[in-house]
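Below: the structure, in structure tokens.
The analysis underlying the following values was restricted to heavy atoms, covering all of them including side chains, and did not include hydrogens, waters or symmetry mates. Each chain gets a letter, A, B and so on, in the order its sequence line appears, and its residues count up from 1.
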2 protein chains.
Amino acid sequence: MSASPTRAFKDAAYAHLAEVAKALASPARLEIVELLAQAPRTVEVLAGEIHQSVANTSQHLQQLKRAQLVRGEREGLHVRYRLAGPEVARLVVQLQAVGAAHHAALDALTRGFFDDPAGLEPLDRDTLAARLEAGDVTLIDVRPAHEFAAGHLPGAISAPLSALEEQLHLLPRDRTVVAYCRGPFCTLSAEAARRLRALGFDARRTDVSVHSLQAAAVGA
Amino acid sequence: MSASPTRAFKDAAYAHLAEVAKALASPARLEIVELLAQAPRTVEVLAGEIHQSVANTSQHLQQLKRAQLVRGEREGLHVRYRLAGPEVARLVVQLQAVGAAHHAALDALTRGFFDDPAGLEPLDRDTLAARLEAGDVTLIDVRPAHEFAAGHLPGAISAPLSALEEQLHLLPRDRTVVAYCRGPFCTLSAEAARRLRALGFDARRTDVSVHSLQAAAVGA
DNA sequence: CAAGTAGTCAATCGAGTGCTTGAATAGAGC
DNA sequence: GCTCTATTCAAGCACTCGATTGACTACTTG
């Protein structure tokens, strides 16, 4: 099959990489990886969040494990899965970047969903950084509390969407409030901005997330 | 199927991303993308380089095109394909990073191939940058000349492996010569270092490549 | 317009994938 | 040891994918 030793090496190397890519080549698994990037979870919880059967979710996790993208540890009755490393999260962010840059359909889709009546363009990374620097905005993390606890953007306040109304007293009415969540395809921040605007706040959302920032910081 | 509108949105978004990942989930296509990241090429040339039939190569290119990863333009008799954008190259670099970080088998494989008798550890990015800064090393690009012409590392000298012996007069015998090529799975630089060492040079290789540097520079 | 070349398309086959269902396993608590 | 629960395994079905072959299209050149 392979004439030279260098071809044999290349074949093997690319075959391995293809295994990794294949593990990500499924909507269900991508969603699992994105969730695990926020915080570790058990199989049962994951299954509920991605609306799949437990057995099916378990199979997907096995595939991700085979590709070395996640690992699971027994914790009492449960098995808790987590990403194998931060590079995995960066890979997904890069994948989203490619999708956003080139996939016209996807782009139209996100616009269609996010740019509704009250919708405003999301704040990009540089603008957000500048306004944070200037003390001009308050940054809120609208993910569930346990995801905030597992890691969050510096300076952010936890205000889970499910309990948003109870946190209103923490939010300034004279400054812009910027909501962030898991990434460009997470709808929590859009919903939060919508609700806050209805309540009279100057609210925006941003695509920036914990891992998109870390991905960008690698080369700094 | 999808109960809420946000689920419908997520399903669609992840389905699109999965399409992109699926396009990369094949050794042949990964190799094509890596080659196109160096310089544009025609179908026939690509087919020769990856040792596949022209028809098969064409089909793979169609799939990559559908996923918006490459695009092709007619040029006289030929169709020349190129990457759709720089993010695509970054994605592959990130994929290699994940593979290198987690795939024990792959890692062992690369060591097995590169760390042969005369082999030395490749120079990592920071060390290379420091020694370049100090004017301590001469950097040579051992890829074919047309890939050098399409873009190369700053300060590098073109010394294609196929004509290495004719370029010896350009290389210093009193300083280290560092060879680079396409990326971590490209064997050209290893071969170059081997030959130069046999000729009495202080030769090393590095994994650093045009796109791995650019990928790291994004967040700077 | 005829001939020749680069590239694509279409049909086929075997192999692999995703999801379902029902059974099996591993550990916790009694 | 027995029982309960979270997770995994195994078998099955419909569907998709990768490579091959041979025919087809599009463009250039004469």
Side-chain angles (χ1 to χ4, degrees), chain A residues 1-2 7 10-12 14-33 35-36 40-67 69-82, chain B residues 1-2 7 10-12 14-33 35-36 40-67 69-82:
Chain A
M1 207 61 188
S2 308
R7 264 238 69 80
K10 275 192 186 172
D11 288 347
Y14 284 116
H16 274 288
L17 283 192
E19 291 298 314
V20 176
K22 197 181 298 187
L24 288 179
S26 141
R29 288 195 292 273
L30 278 173
E31 196 169 357
I32 289 175
V33 171
L35 285 171
L36 291 183
R41 282 162 164 86
T42 67
V43 179
E44 203 178 18
V45 169
L46 269 173
E49 289 182 304
I50 68 172
H51 297 89
Q52 296 278 339
S53 71
V54 171
N56 194 8
T57 305
S58 175
Q59 315 242 50
H60 282 303
L61 284 168
Q62 298 306 313
Q63 287 197 48
L64 289 170
K65 191 161 74 176
R66 243 173 274 137
L69 293 175
V70 310
R71 62 201 154 81
E73 292 155 11
R74 189 122 214 158
E75 279 189 18
L77 267 185
H78 301 273
V79 175
R80 188 173 302 274
Y81 279 89
R82 65 187 69 241
Chain B
M1 205 66 182
S2 309
R7 264 237 69 81
K10 276 192 187 172
D11 288 348
Y14 284 115
H16 273 288
L17 284 191
E19 292 298 315
V20 176
K22 197 180 300 186
L24 290 179
S26 141
R29 289 196 290 273
L30 278 174
E31 195 169 356
I32 289 175
V33 171
L35 285 172
L36 290 183
R41 283 162 162 85
T42 66
V43 180
E44 204 178 17
V45 169
L46 269 173
E49 289 182 304
I50 68 172
H51 297 87
Q52 296 279 338
S53 71
V54 171
N56 196 6
T57 306
S58 175
Q59 315 247 47
H60 282 303
L61 284 167
Q62 297 307 314
Q63 286 195 49
L64 289 170
K65 190 160 74 176
R66 244 174 273 135
L69 293 175
V70 310
R71 64 202 153 78
E73 292 154 12
R74 188 118 216 161
E75 277 188 20
L77 266 186
H78 302 272
V79 175
R80 187 173 302 275
Y81 280 89
R82 64 187 70 240

Nucleotide dG18(D), atom C1' - distance to CD of Glu19(A) in whole Å: 14 Å
Value in whole Å for how far the C1' atom of dT25(D) lies from NE2 of His78(B): 17 Å
Nearest-neighbour nucleotide for the Gln63(B) side chain, dG18(D), dT20(C), dT7(D) considered: dG18(D)
Spacing of CZ belonging to Arg29(A) relative to CG belonging to Leu24(A), to within rounding of 0.5 Å: 8.0 Å
Side-chain N,O (Asn56(B)) to OP1/OP2 (dT20(D)) below 4.0 Å: yes
Distance below 4.0 Å between Ser58(A) side-chain N/O and dT7(D) OP1 or OP2: no
Length of the CZ-C1' vector between Arg41(A) and dT7(D), whole Å: 18 Å
Derivation and outcome, side chain to side chain contact (heavy atoms under 4.5 Å, CB included), residues Arg66(A) and Glu19(A): CA-CA 9 Å; Arg66(A) 243 173 274 137; Glu19(A) 291 298 314; over 6 Å; no
Integer-rounded Å distance: dT7(D) P and Leu64(A) CG: 16 Å
Nearest heavy-atom neighbours spanning Glu49(B) and Glu31(B): O-OE2, 4.1 Å
Protein-nucleotide distance (Leu77(B), atom CG; dA26(D), atom P), rounded to Å: 15 Å
d(CG, Leu30(B); P, dG18(D)) in whole Å: 12 Å
Gln59(B), nearest nucleotide to its side chain (from dT8(D), dC9(C), dG18(C)): dC9(C)
Sugar-phosphate, base or nothing in reach of Thr57(B), heavy atoms under 4.0 Å: nothing
Touch class at under 4.0 angstrom, heavy-atom based, for Val79(B) against every strand present: sugar-phosphate
Pairwise 5' ranking along DNA chain C for Lys22(A) and Glu75(A), keeping only the more 5' one: Lys22(A)
Between dT8(D) (P) and Leu46(A) (CG): distance, integer Å: 11 Å
Residue mapping more 5' on DNA chain C - nearest nucleotide basis, Ser26(A) or Ala55(A): Ser26(A)
Audit row: Leu36(B), Leu69(B), side chain to side chain contact (heavy atoms under 4.5 Å, CB included) steps and yes/no: CA-CA 10 Å; Leu36(B) 290 183; Leu69(B) 293 175; over 6 Å; no
Distance-only donor-acceptor test (3.5 Å): side chain Glu44(A), base dT5(D): no
Sugar-phosphate only, base, or nothing, as touched by Ala28(A) at under 4.0 Å among non-hydrogen atoms: nothing
Sugar-phosphate, base or nothing in reach of Arg80(B), heavy atoms under 4.0 Å: nothing
Heavy-atom pair of closest approach, residues Pro27(B) and Ala15(A): CG-CA, 3.8 Å
side-chain N/O His60(B) vs dA19(D) OP1/OP2, d < 4.0 Å: yes
Below 4.0 Å: OP1/OP2 of dA6(C) and any side-chain N or O of Tyr81(B): no
Length of the line joining Lys65(B):NZ and dC9(C):P, which is rounded to integer Å: 7 Å
Least distance between heavy atoms, Ala23(B) atom then Ala67(B) atom: CB-CB, 3.5 Å
Side-chain N or O of Arg74(A) closer than 4.0 Å to phosphate OP1/OP2 of dA6(D): no
